[in-house]
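Here the structure comes first, spelled out in structure tokens, and everything after it is commentary.
Counting from 1, the numbers follow the sequence of the chain as shown. Hydrogens, waters and symmetry mates play no part in the numbers below; they use all other heavy atoms, side chains included.
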Amino acid sequence: MTVLDAPVGTAAPAGRGEGLVSVFVRLKLTLLRNGLRQSSGRKAAYISSMVCALLLAVAQVIGLVALRGNAHATALVVLLTGVLALGWAVMPLFFPSGDETLDPSRLVMLPLRPRPLIGALLVASMVGIGPLFTLCLALGSVIAVAHGAAAAVTGVVAIPLTLLVCVALARSVATANVRLLTSRKGRDLAVLSGLVIAVGFQFVNFGMQRLGRAGGLSSLEPAADVVGWLPPASAIGAVSSVSEGAYGQAALQLLVSVLALVALVWLWQRSLTKLMTAPDGSTLAAAEPTRTKSGTDRSGLFALLPEGRTGTVMERSLRYVARDPKTKAAWVTALAVGLIVPLLNALQGTGSVYLACFAAGMLGIQMYNQFGQDTSAFWMVSLTISSTRDAYAELRARALALLLITLPYTVLVTVLTAAVLGDWEALPEVMGLSFAMLGAMLATGAMASAMYPYSIPQDGAFKNVAPGQAGLAWISILGGMVSSALLCAPVIALTIAMHAGDLRGWLWLVLPVGAVYGALVAWAGVRLAAPRTARRLPEILAAVSKG
């Protein structure tokens with residue numbers, strides 16, 4: 001007998017649909033209220049986010065109402081609804097703890113049956129800022145496209161249907177992946193949400209610029225024709241179809257959203273049943289004994305690293321990039337944004353090949369706070385540093401590990417940007433400037449790591465600085481970037497002078513000059529940072545272990 005097949009017993013009254021719904025709604029409100037009582041900071045954050053969401057929702061409704069009568073209003077509201085539904089689908093994957101009060105894994109030991117439990121969870125999911133925002137969007141969209149009594153009646157059906165599809169979509173995705181989201185891989189996925197936000201913002205910016213040049217809302221019509229048949233945007237599209245007299249098309253669009261809601265609820269119930277009845281890895285004995293690899297020989301690409309301390313430190317740094325969630329998130333975000341910014345601007349025809357230097361700057365930042373990236377494990381590294389020579393070897397190896405990724409990446413981004421723009425003549429000078437910037441940031445990053453270390457907490461996806469150390473982080477990063485710009489001044493001045501003196505035939509010299517200059521500056525920065533690192537080792541250890 002499973003938990004779901006067990007007799008309800010004394011919980012029978014709560015197991016009935018209506019009673020269970022009220023219990024879960026009260027439970028949601030109670031847990032929310034008690035969570036806000038834990039700290040004034042959490043209460044302030046929640047209230048401020050709620051006020052901002054409400055203001056945005058009101059402004060959104062006003063803007064959509066202002067579109068009423070516009071010939072292309074349907075295209076806009078349909079696409080907005082589709083984007084909102086996509087957000088409901090992916091947000092549970094990147095913010096798994098955003099609604100921890102409705103985590104179905106906490107209900108495993110309760111004698112509850114799936115069908116009434118689904119209804120109770122669905123209604124309780126309506127309590128929150130997200131559902132209110134979605135409701136406002138649906139309301140404004142219906143007002144924008146509804147013309148006539150029949151369209152208004154259709155809108156009365158479309159508004160709750162849109163909200164129910166969005167909530168059911170989010171809950172079915174979250175329930176199907178709940179064990180992933182509570183695992184190490186799930187925490188890695190949550191940390192990488194910063195990448196989605198950063199990359200998504202760049203694409204939104206690109207889309208808005210293309211929209212402005214393409215002639216306004218009329219350019220949205222082809223995409224809206226497709227999205228208008230996808231749930232829940234099809235429900236909003238049905239209102240517009242009724243306004244235009246296409247009653248048959250409107251019925252089909254409403255039917256698509258209704259069938260989607262039924263399918264999502266069925267998938268949700270199936271995932272919930274499996275979650276509450278099937279054992280997980282924590283209840284099963286290991287099928288096979290754990291195999292351990294003997295020896296310390298490197299394998300794969302790590303075998304190409306040099307022997308001794310240099311290779312060991314480089315391997316450790318590269319493994320942090322591949323395995324540590326915070327380090328991985330920072331690197332992947334830097335790689336993605338560093339490529340997207342110059343390429344998107346180049347594709348729009350408004351960019352410059354010099355924007356490729358942005359890629360070197362994004363990756364150079366990874367040299368800052370090197371010891372803070374080790375967190376509390378830095379005490380093991382500190383045991384191996386007893387002299388300036390040890391500190392120099394440590395910093396040099398970390399810089400070399402960073403160069404293994406940044407050098408080919410910088411070349412790749414520069415070549416791609418020059419290829420898109422067709423400006424091959426500027427390629428050598430831009431690459432020389434990028435190498436000089438990268439060397440300068442390695443130098444200032446080594447100094448900042450020694451002088452202004454700070455701790456990186458591991459308990460939150462978006463906590464990158466321990467409380468009380470924000471000033472150190474700002475000094476380290478902003479001060480280092482300003483210093484890097486000053487260090488690059490000779491190469492920049494050389495490039496400008498060659499352009500001003502009409503010496504374009506000699507601009508290729510900027511490439512070897514920038515490469516040599518960057519290497520010398522990086523070497524000098526590491527040499528200067530080494531004695532400071534050895535001397536300030538106790539202070540560094542205390543700072544990076546604070547979080």
Side-chain angles (χ1 to χ4, degrees), residues 21-37 42-68 76-103 118-146 152 154-175 193 197 200 231-236 239 257 260-261 264-265 268:
V21 169
S22 63
V23 167
F24 270 77
V25 171
R26 291 199 308 271
L27 176 63
K28 176 72 177 290
L29 294 173
T30 300
L31 291 175
L32 179 60
R33 183 179 66 251
N34 292 341
L36 295 178
R37 288 176 177 175
R42 183 171 181 176
K43 183 184 299 184
Y46 182 82
I47 293 175
S48 61
S49 62
M50 182 174 62
V51 171
C52 291
L54 288 175
L55 292 176
L56 182 59
V58 171
Q60 179 180 247
V61 172
I62 295 174
L64 291 174
V65 172
L67 282 174
R68 183 177 176 83
L76 179 62
V77 298
V78 165
L79 289 178
L80 280 178
T81 307
V83 171
L84 184 66
L86 180 62
W88 275 95
V90 302
M91 282 302 103
L93 298 177
F94 297 111
F95 300 96
S97 61
D99 192 3
E100 59 186 10
T101 60
L102 296 178
D103 183 357
I118 289 293
L121 288 173
L122 185 62
V123 175
S125 299
M126 304 293 178
V127 179
I129 299 175
L132 178 61
F133 184 85
T134 304
L135 184 64
C136 291
L137 174 66
L139 176 62
S141 300
V142 167
I143 294 175
V145 300
T154 306
V156 172
V157 178
I159 291 173
L161 183 59
T162 299
L163 179 59
L164 287 172
V165 171
C166 288
V167 174
L169 177 61
R171 289 300 154 200
S172 60
V173 170
T175 303
S193 59
I197 296 173
S234 60
I236 303 299
V239 179
S257 290
L261 177 60
L264 288 171
V265 171
W268 185 8

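Rounded to the nearest 0.5 angstrom, Leu64 CG and Cys136 SG are separated by 10.5 Å. We find the OG1-CG distance between Thr81 and Leu86 to be 12.5 Å, quoted to the nearest 0.5 Å. Interatomic distance, Leu163 CG to Leu132 CG, rounded to the nearest 0.5 Å: 9.5 Å. Residue Ser125 holds its OG atom at 10.0 Å from CZ of Phe24, rounded to the nearest 0.5 Å. Here CG of Leu261 is found 10.5 Å from CG of Leu169. Values are rounded to the nearest 0.5 Å.
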Item to check | Candidate pair Gln60 and Leu137, rule side-chain contact (heavy atoms from CB on, under 4.5 Å), full reasoning | outcome: CA-CA 7 Å; Gln60 179 180 247; Leu137 174 66; 3.4 Å; yes
Next on the checklist: For a side-chain contact (heavy atoms from CB on, under 4.5 Å) check, start with the C-alpha distance between Leu67 and Val145, then their side-chain angles and the critical distance, and finish with the verdict.
Outcome noted: CA-CA 8 Å; Leu67 282 174; Val145 300; over 6 Å; no
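Side-chain contact between Met126 and Val167 is present, with heavy atoms from C-beta onward closer than 4.5 Å. With a 4.5 Å cut-off on side-chain heavy atoms, Leu84 and Phe133 count as touching.
Nearest heavy-atom pair, Val239 versus Ala146, reported as atom, atom and distance to 0.1 Å: CG1-CB, 3.7 Å. Pairing each heavy atom of Ala168 with each of Leu122, the nearest pair is N-CD1, 4.2 Å. Summarising the geometry of Ala158 relative to Ala235, their closest heavy-atom pair is CB-O, 3.5 Å, with the distance given to 0.1 Å.
Each of Val157, Leu139, Ile236 was checked for a side-chain contact (heavy atoms from CB on, under 4.5 Å) with Thr162, and the lone residue meeting it is Ile236.
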